[in-house]
Each structure stands twice: as structure tokens, then as C-alpha cells.
There are 2 protein chains.
Amino acid sequence: MADHLTLVFGALADPTRRDIVARLAVGDATVGELAAPYDISVQAISKHLKVLEGAGLVTKTAAAQRRTVHLEAEVFDLMTKWIEKYQQQAEERYQRLDALLEQLDQDGNVIPQPQEKSS
Amino acid sequence: MADHLTLVFGALADPTRRDIVARLAVGDATVGELAAPYDISVQAISKHLKVLEGAGLVTKTAAAQRRTVHLEAEVFDLMTKWIEKYQQQAEERYQRLDALLEQLDQDGNVIPQPQEKSS
DNA sequence: CATCTAATCAACCGAACGGTTGACAAGCCC
DNA sequence: GGGCTTGTCAACCGTTCGGTTGATTAGATG
């Protein structure tokens, strides 16, 4: 099976599923309630929910024949952490580049590629 | 064509592409440099880069026959905003639920479903 | 000019995806 | 119990996806 981040990003790479997440952020809902706004079959929604469930974004609890779907917001932290990591790295890199360019400005020397080669 | 968020999430729903993003956060690289660590073909990496490019996560600049690939960190903001929106909504919902439960505790009345129906 | 290198384009392949329809399971309600 | 409601399971279908191989373009270099 794929790793968690792949499942989470994959789950949110679909507009319908993002829509469902948006709906669930307001409050829990049954499968039927979630399916109502769309003109695709209930089975298709059920599949979407299984993808969201597989990514840990959603949990289902069976009460009578109704399944209540609940959003698990904590999983978002996983994504946010991943994103912030590279956002931060990229920013640091820019700052290093800026510092370097500033330094170059002082002695007037021009180097086209500031980063070093690996290999 | 799909909307931007779909493209971004879709692009990051693949471990190899997330890996490439991680590599690019450290600094720009050529297609060949990006392909080196993997035992899949350069063509496959080229395809991955096209997906990342289509999502606006990456830009390519052609210098000689080498294409330098550059990470565009700003696109992450789009995702972060989307995520934070529902993270925040879900949290607010919990707080409302907590407040409600606390209130219920006081007069001892029990209501099973705190959110209202929309139909 | 000939050739080597770097990267893309194009066609193809199997697997996964998003959707459908049909059958079925599990509860409520008359 | 019989039937309605709610939801899932299973099989199928066309499209997309991640990968391959082969050919081709574009620039550096002998």
C-alpha cells in the first residue's frame, strides 16, 4: 500500500472529495446527505468516501442503517508539516541567494550559477 | 483542464514527485541531475517534471541544451490556505460542540445530534 | 562536418481511477 | 413478515497514469 502522504494528497486531488471534506468541516453527515448535492450515483460517493477513509481523513460510524461520516482534521497536520518544510527550505535558500548577490554587488564580480554541483 | 488545486494535489500525490520537490527545495537542478538518483528512465522524470510544471510548482529555464528546474514555493500557499480553512472550521465546530455539551451538562438535558439538518 | 550529450516527443502497455448498473445486506416501519 | 430506505459489494467500461522503448531536436565539442 502507498504511504500516508500519497494517500492524503491523492484523496484531495479530486474536486468532489475536496467538496465532501468542505461539507464535513461544517458538521458530520450521512452518506445520503453527502451524495444529495451531486448528480452522480450514491455508489460513486460511497467510493469517494472509502478513498477519504483510507487516507484517514474521515471516519464512519454505523448507527442503524445510516452511516455517519466524520472529518478527522488532525491528518491535515501531516500535509501542513510536509509543505512547511519545503516552503521554509526554499525561503532560506532565497535568503542565502540574496546574501550572495549582495556580496557580489560589492566587488562587482558576476557568477551565473550560485549553487554548487553535487557529483 | 482541471482547477489549480486539483493539479497541485495531484502533482504531490506521487512519492517520486514529492521527492523531486524536496530535492529542488535545496536548490535548482537540471533534468539529468534530478533523474540520477532514480533507476527509472530520464523520460519518466521528464514526464513527472511536466506534471509539476503544469501545477505551477516548478519552472524550467533552457540554458544551452540543459534545462534548469526551479521550485516555485509560492504555490504551496494555495494548498496551505485550503487546508487551514477546513482545519479552522473543524476546530470551531469542536468548540461549538464543547460549549453545547457544557451547557447541556448544566441543565442535564441530552440532545443526540447537535448540528441542524439541511435538506 | 561528425558526433556526443541533454532533453523531449510519440507510441505503446498494464494498472489504477471515476463512473455506471445490478444485486445484496441491514434496519426501520406498516 | 413484507416492503421501504440506506448503504455496500461486484463487475464492467472508458480514461488517465506511470512507466517503457525508439526516434528526434538542439546545442556543445572533437
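Chain naming here is simple, since letters A, B, ... match the order of the sequence lines and numbering starts at 1 in each. As the structure is a prediction and not an experimental result, all values here were calculated from the model.
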| query | If only side-chain N and O atoms of A:Lys60 are considered, is one of them under 4.0 Å from the OP1 or OP2 phosphate oxygen of D:dG7? | reply | no
| field | Partner set under side chain to side chain contact (heavy atoms under 4.5 Å, CB included) for B:Thr6, not counting sequence neighbours | value | A:Pro15, A:Arg18, B:Ala2, B:Asp3
Could you go over nucleotides 13-20 of chain C and give all protein N or O partners under 3.5 Å, atom names and distances?
{"from": "C:dG18", "atom 1": "OP1", "to": "A:Arg17", "atom 2": "NH2", "distance (Å)": "3.1"}
{"from": "C:dG18", "atom 1": "OP2", "to": "A:Arg17", "atom 2": "NH1", "distance (Å)": "3.2"}
{"from": "C:dG19", "atom 1": "OP2", "to": "A:His48", "atom 2": "NE2", "distance (Å)": "2.3"}
{"from": "C:dG19", "atom 1": "N7", "to": "A:Lys47", "atom 2": "NZ", "distance (Å)": "3.0"}
{"from": "C:dG19", "atom 1": "O6", "to": "A:Lys47", "atom 2": "NZ", "distance (Å)": "2.1"}
{"from": "C:dT20", "atom 1": "OP2", "to": "A:Ser41", "atom 2": "N", "distance (Å)": "2.9"}
{"from": "C:dT20", "atom 1": "OP2", "to": "A:Ser41", "atom 2": "OG", "distance (Å)": "2.8"}

| request: Go through the structure and list residues passing side-chain hydrogen bond (donor to acceptor under 3.5 Å, both in side chains) with A:Thr59, not counting sequence neighbours. | output: A:Glu72
| Does B:Ser46 put a side-chain nitrogen or oxygen below 4.0 Å from OP1 or OP2 of C:dA7? | no
| query | With B:Ala35, which residues qualify under side chain to side chain contact (heavy atoms under 4.5 Å, CB included), at least two apart? | reply | B:Val42, B:Ile45
| task | Measure from the side chain of A:Lys50, starting at C-beta and using heavy atoms only, and say which of D:dG7, C:dT8, D:dC9 lies closest. | result | D:dC9
| field | Atom pair distance, as rounded to whole Å: CD1 in B:Ile45 and P in C:dA7 | value | 12 Å
| query | Taking all non-hydrogen atoms of both residues, which atom of B:Leu12 and which atom of A:Phe9 are closest, and how far apart? | reply | O-CD1, 3.4 Å
| request: Figure out the CZ/P separation between B:Arg18 and D:dG18, and round it to whole Å. | output: 12 Å
| How many Å lie between CZ on A:Arg67 and P on C:dG27, as a whole number? | 8 Å
| field | Pairing residues for B:Lys60 by the side-chain hydrogen bond (donor to acceptor under 3.5 Å, both in side chains) criterion, not counting sequence neighbours | value | B:Glu53
| note | A:Ser41 meets the side-chain hydrogen bond (donor to acceptor under 3.5 Å, both in side chains) criterion, sequence neighbours left out, with none
